[in-house]
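What follows is one structure encoded as structure tokens, with my remarks underneath.
All chains are named by letter (A, B, ...) in the order of the sequence lines, taking the proteins before the strands, and each is independently numbered beginning at 1.
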Number of protein chains: 2
Amino acid sequence: MAQTDGRKGEIIQMASKLFRERGYSAVSMRDLAAGIGVKAASLYNHISSKQEILSSIIISIAERFTEGMNAIVSKKVSVKNKLEEMIDHHIQVMIDNPDGIACLNNDWVHLKEPELTYFLDMRNGYEENLRKILKEGIKSKEIKQVNVEVMLFSMLSTLRTLHLLHEKKKGIKTDNLKNEVKQILLTGIMN
Amino acid sequence: MAQTDGRKGEIIQMASKLFRERGYSAVSMRDLAAGIGVKAASLYNHISSKQEILSSIIISIAERFTEGMNAIVSKKVSVKNKLEEMIDHHIQVMIDNPDGIACLNNDWVHLKEPELTYFLDMRNGYEENLRKILKEGIKSKEIKQVNVEVMLFSMLSTLRTLHLLHEKKKGIKTDNLKNEVKQILLTGIMN
DNA sequence: TTTTTTAACTAACACTTGTTAGTTTTGTAT
DNA sequence: ATACAAAACTAACAAGTGTTAGTTAAAAAA
């Protein structure tokens, strides 16, 4: 359940926005408080630390990615189908919280244990599942015989930074974005 | 001319490494000094500010990207050829300074004027030139009729974050990396 | 109305930040 | 050996950091 209402939700939302713009370390609790229209000390009636804010933002999104991917890998459908569903899901999570995604991408390094390990395990699991799908596709000849790691990396780097495209092209409809990304990631660009 | 020797070069090199690991804002001058084995104040015999270090790292790389791209766009070769040369060049710049690339990617937001504008102009120019190549390819039917912006974005996000792959797969030979990235970015993955 | 709870406030803490001033050491040329 | 420049050092600055304690105002429950 994403936290978006109440004062705590407001804090997390504003923090996501500011962390995205300047990065976790460059945003002070006073900046964050000012963004909401309150004094820094007042934030501590709702949250317990700056670190907790970062965790809230990142972990909830990472869990959503993980759940979606887990639901997809074991499906009895073609590899192409799995990849399409995975791209759709990834983009949907991004659309629902672009600031949070940016924050996850840039600031996960600043997580402290045990959340850091928890996050990295989820991230590795996600990658591992996608790798599994790609290898399955190579075996079944649905996918070209190219380096799995490079292929995996290319897909993930496009998906992970898609909030930047979404930010610049605000007009684009969600379904169009999903379709165009799928086409390019799966079928390439050259004729 | 890249700065790699002398005390100043050593400072910039260590700064690139630390900025990459923790981000500009999270690295203090004392951290940086300790990494070199010196006191913070001593750094100021070689550099004038923390900000100058950041500029040195980012601007020199951005200029290299710009020069390479400018040399490629106006060539009288096929679009495919241009794209291949551009990918090769981009990867070569990354190989020569992966820490600096990471720093450019993550910390350009912390540049101050006038360097910020100078950097953004170069970045926009680079994108604009690549867009030009892609549009030329679409017109000549060398490239599929897909959304230029999404295509552009996908290529750039893969290239820009390639230092992460390079870091994880240290063993990979430069030429292999170049070839595999070209294959995937240009011809896609599906059979 | 009175009581209790929620969430704002001010003030302060211990510490870290980038940077400067002034001094001492180190290495090189005369 | 002497003089000079380069680069290290210590000490300190003003400002900013996350966070806590204690207090007051507003809202909800009794």
Side-chain angles (χ1 to χ4, degrees), chain A residues 3-59 103 106-116, chain B residues 3-59 99 103 106-116 119:
Chain A
Q3 181 95 5
T4 49
D5 56 322
R7 207 46 154 182
K8 181 163 184 177
E10 196 180 350
I11 292 172
I12 290 177
Q13 221 175 311
M14 177 61 67
S16 303
K17 185 184 165 223
L18 296 181
F19 291 171
R20 177 186 192 171
E21 285 169 12
R22 285 174 244 166
Y24 177 75
S25 307
V27 175
S28 73
M29 294 302 275
R30 285 162 183 83
D31 293 336
L32 175 52
I36 295 178
V38 111
K39 298 289 173 175
S42 306
L43 298 173
Y44 289 84
N45 287 315
H46 306 279
I47 52 99
S48 68
S49 68
K50 192 187 181 189
Q51 181 67 207
E52 190 215 19
I53 300 176
L54 186 67
S55 301
S56 294
I57 296 170
I58 294 180
I59 299 294
C103 177
N106 303 325
D107 289 324
W108 66 264
V109 248
H110 298 112
L111 284 174
K112 296 237 167 72
E113 297 293 0
E115 281 83 7
L116 177 58
Chain B
Q3 181 95 7
T4 47
D5 56 321
R7 211 40 158 183
K8 182 164 183 175
E10 195 180 351
I11 292 172
I12 290 176
Q13 221 173 311
M14 178 60 68
S16 303
K17 185 185 165 224
L18 296 181
F19 291 171
R20 176 185 193 172
E21 286 169 11
R22 285 174 244 167
Y24 177 74
S25 307
V27 175
S28 73
M29 294 301 276
R30 285 162 183 84
D31 293 337
L32 175 52
I36 294 178
V38 111
K39 298 290 173 176
S42 306
L43 299 173
Y44 290 84
N45 286 316
H46 308 277
I47 52 100
S48 69
S49 67
K50 191 187 180 188
Q51 182 67 208
E52 191 215 18
I53 300 175
L54 186 68
S55 301
S56 294
I57 297 170
I58 294 180
I59 299 295
D99 291 341
C103 177
N106 304 324
D107 289 323
W108 65 265
V109 246
H110 299 112
L111 286 174
K112 296 235 167 72
E113 297 293 0
E115 282 82 8
L116 177 57
F119 168 76

(request) Kindly say whether, by distance alone, the side chain of A:N45 makes a donor-acceptor pair under 3.5 Å with the base of C:dA8? (result) yes
(message) What I'd like to find out is whether the side chain of B:K17 reaches to under 4.5 Å of the side chain of B:R20, using heavy atoms alone.
(response) no
(message) Between C1' on D:dA7 and CD1 on B:I36, what's the gap in Å once rounded to a whole number?
(response) 13 Å
(message) Tell me the interatomic distance from B:L32, atom CG, to C:dG18, atom P, rounded to whole angstroms.
(response) 9 Å
(message) Quick check on D:dA6: is either OP1 or OP2 less than 4.0 Å from any side-chain nitrogen or oxygen of B:H46?
(response) no
(request) Measure from CD on B:E52 to P on C:dG18 and round the result to the nearest Å. (result) 15 Å
(request) Report yes if some heavy atom in the side chain of B:L32 is under 4.5 Å from a heavy atom in the side chain of B:M14; otherwise report no. (result) yes
(request) Compare all side-chain heavy atoms of A:K8 with those of A:I47 and state whether any distance is below 4.5 angstrom. (result) yes
(request) Could you tell me the separation between the NZ atom of B:K39 and the P atom of C:dT24, rounded to a whole number of Å? (result) 18 Å
(message) Is a donor from one side chain sitting under 3.5 angstrom from an acceptor on the other, for B:N45 and B:S42?
(response) no
(request) Sugar-phosphate atoms are those with a prime plus P, OP1 and OP2; base atoms are the rest. Using that split, label each nucleotide of nucleotides 15-20 of chain D B, S or - for protein heavy atoms under 4.0 Å, 5' to 3'. (result) --BBBB
(request) Check whether any side-chain heavy atom of A:E115 lies under 4.5 Å from a side-chain heavy atom of A:L54, and answer yes or no. (result) no
(message) Any non-hydrogen side-chain atom of A:L111 less than 4.5 Å from a side-chain atom of A:Q51?
(response) yes
